[in-house]
2 protein chains.
Amino acid sequence: MSNNQFKRGELYSVINGMATTAVARRLQKNFRNAGIEITIEQWSVLYHLWKEDGLSQLELGNRTFRDKASTTRLIDNLEKQELVTRVASKDDRRINLVYLTDTAKPLQQITYELANKTMNESLQNITKEEIEVVKNVLQRVYDNLMNKDLI
Amino acid sequence: MSNNQFKRGELYSVINGMATTAVARRLQKNFRNAGIEITIEQWSVLYHLWKEDGLSQLELGNRTFRDKASTTRLIDNLEKQELVTRVASKDDRRINLVYLTDTAKPLQQITYELANKTMNESLQNITKEEIEVVKNVLQRVYDNLMNKDLI
DNA sequence: GACATATAGTTAGTTATGCAACTAATATAA
DNA sequence: TTATATTAGTTGCATAACTAACTATATGTC
């Protein structure tokens, strides 16, 4: 019995343990080899700010799938490196709006290129159609877990 | 340009940020709600020991995609909870073989059930064929990154 | 056999994660 | 308008991750 159980769980193992870890490590390695001194977690925050600057911490947490405590500390570290600044919102002084600094700006082009490079390395010999299936399935996995009750 | 870039990178974001995090949190939540006091990382080690007891730390690290330092500390914590014991190999005294204790045994059945439950929650309305495509693609992503040089 | 090299595991230092308890500011309700 | 509840963010605590430097054992070469 114990040998036959948990077949579907192997998917979790594959998703979580292998591909995700491998891609994350490769992206971090590509950053490091290019002399980019930020973590991929920090980059995920910058990435959303390059798309839309001045987001609140909570909104950044939502977009990067982090709780607010993790978001606080990531932004602490980004602030230490002078890549972002917190600005208290005038409308609601509970809210910190997070803005990119001039130091962060030159990182966009190079990190996008390194992210593209990482994706090209990761997705060799994988078709557009396959990628679409994976994205679609993983989106539905997420929706299955989010839409019921809190994760 | 910056708006049009990094299209493929969204896959990384989807894999890493959304589905993986959501599944991991749900599994941890299902453990917690059932009164199971282990982390999912600890469970990933126990899972491989239930399949094959007495693996070395390095082999456990390979199977769970961790480096040896992370594996050391994970096993430290499992040992504190008296779920595993380290036994120095007689053939090669550099090697620690890791064995399940009697305390760990009753966890197998219940955690397998909770993992199955988590997978059923995650994979609702997703077909076997889709799951096969995802597993296959993610395996190839992993192979793309592993087979070239070290991650 | 002696010296260099490789391997398994540990430790130190930094970053990141989640939960829970907390503060400060805002919104709601009596 | 005062009391209560909600919200955004911070902090404390524990676990986990990676890199690099380290110890101890084993292997290989001369």
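Bear in mind that the values here come from a model prediction, so they are computed numbers and not experimental data. Naming convention: chains lettered A, B, ... in sequence-line order (proteins, then strands); numbering from 1 in each chain.
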> Among C:dC19, C:dG9, C:dG18, which nucleotide has an atom closest to any side-chain atom of B:N96?
C:dG9
> For the pair A:R86 and A:D76, find out whether any cationic side-chain nitrogen is under 4.0 Å from an anionic carboxylate oxygen.
yes
> Which of these, A:K29, A:R25, A:Q124, A:E121, sits in a side chain to side chain contact (heavy atoms under 4.5 Å, CB included) with B:L145?
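By the side chain to side chain contact (heavy atoms under 4.5 Å, CB included) criterion, B:L145 pairs with just one of A:K29, A:R25, A:Q124, A:E121: A:E121.
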> Compare the minimum distances between each of C:dG18, D:dA8, D:dA16 and the side chain of A:L58, then state the nucleotide with the smallest one.
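Closest nucleotide among those given: D:dA8.
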> Can you check the B:L78 CG to C:dG9 C1' distance for me, whole Å?
16 Å
> Are B:S56 and C:dA8 close enough that a side-chain N or O sits under 4.0 Å from OP1 or OP2?
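Checking B:S56 against C:dA8: no side-chain N or O falls below 4.0 Å of OP1 or OP2.
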> Taking atom C1' of C:dG18 as reference, at what distance in whole Å does atom CD1 of B:I38 sit?
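Roughly 16 Å, once rounded to whole Å.
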> By nearest heavy atom, map B:E41 and A:S70 onto DNA chain D; which one lands nearer the 5' end?
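Its nucleotide being nearer the 5' end, the pick is A:S70.
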> I want to confirm an ordering. Mapping B:K68 and B:R73 to their closest nucleotides on DNA chain D, which one lands closer to the 5' end?
B:R73
> Nearest whole angstrom, please: distance from the P of D:dA17 to the NZ of A:K29.
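After rounding, the gap between these two atoms is 21 Å.
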> Do B:R93 and D:dT25 have a side chain to base donor-acceptor pair shorter than 3.5 Å?
no
> Please determine whether a side-chain nitrogen of the Lys or Arg among A:R66 and A:E41 lies less than 4.0 Å from a carboxylate oxygen of the Asp or Glu.
no
> If you only use heavy atoms from C-beta on, which nucleotide in D:dT19, C:dA16, C:dC19 is closest to the side chain of B:D67?
D:dT19
> Could you state the CG-P distance from A:L27 to D:dC18, rounded to the nearest angstrom?
14 Å
> Contact class for B:D92 (heavy atom, under 4.0 Å): base, sugar-phosphate, or nothing?
sugar-phosphate
> Quick one: B:L60 CG to C:dA8 P, roughly how many Å, whole number?
13 Å
> Do A:E132 and A:K128 meet the salt-bridge criterion of a basic N to acidic O distance under 4.0 Å?
no
> Please determine whether a side-chain nitrogen or oxygen atom of A:R32 lies at a distance below 4.0 Å from atom OP1 or OP2 of D:dT19.
yes
> Of B:T71 and A:D91, whose closest DNA chain C nucleotide lies nearer the 5' terminus?
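Its nearest nucleotide being more 5', the pick is B:T71.
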> Any ion pair linking B:D143 and B:R140 (charged N to carboxylate O, less than 4.0 Å)?
no
> Heavy atoms under 4.0 Å, any strand shown: does B:Q28 hit a base, just sugar-phosphate, or nothing?
nothing
> With sugar-phosphate meaning primed atoms plus P, OP1 and OP2, does B:D76 contact a base, only sugar-phosphate, or nothing at under 4.0 Å between heavy atoms?
nothing
> Could you tell me the separation between the CD atom of B:Q57 and the P atom of D:dT23, rounded to a whole number of Å?
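So the CD-P distance, B:Q57 to D:dT23, works out to 19 Å.
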> Identify which nucleotide among D:dC18, D:dT15, C:dT17 has an atom closest to any side-chain atom of A:L74, counting heavy atoms from C-beta outward.
C:dT17
> Could you check how far CD1 of B:I95 sits from C1' of C:dA6, rounded to whole Å?
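From B:I95 CD1 to C:dA6 C1': 13 Å.
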> Can a side chain N or O of A:T72 be found less than 4.0 Å away from OP1 or OP2 on D:dT10?
yes
> So which atom in B:S122 and which in A:N144 form the shortest heavy-atom distance, rounded to 0.1 Å?
O-ND2, 2.6 Å
> Which nucleotide, D:dA17, C:dG18, C:dG9, lies nearest any side-chain atom of B:R25?
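Comparing D:dA17, C:dG18, C:dG9 against the side chain of B:R25, the answer is C:dG18.
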> Between D:dT15 and B:R66, is there an OP1 or OP2 to side-chain N/O distance shorter than 4.0 Å?
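Answer no for this pair, as no side-chain N or O of B:R66 is under 4.0 Å from OP1 or OP2.
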> Find the distance A:N77:CG to D:dT10:C1' and express it as a whole number of Å.
14 Å
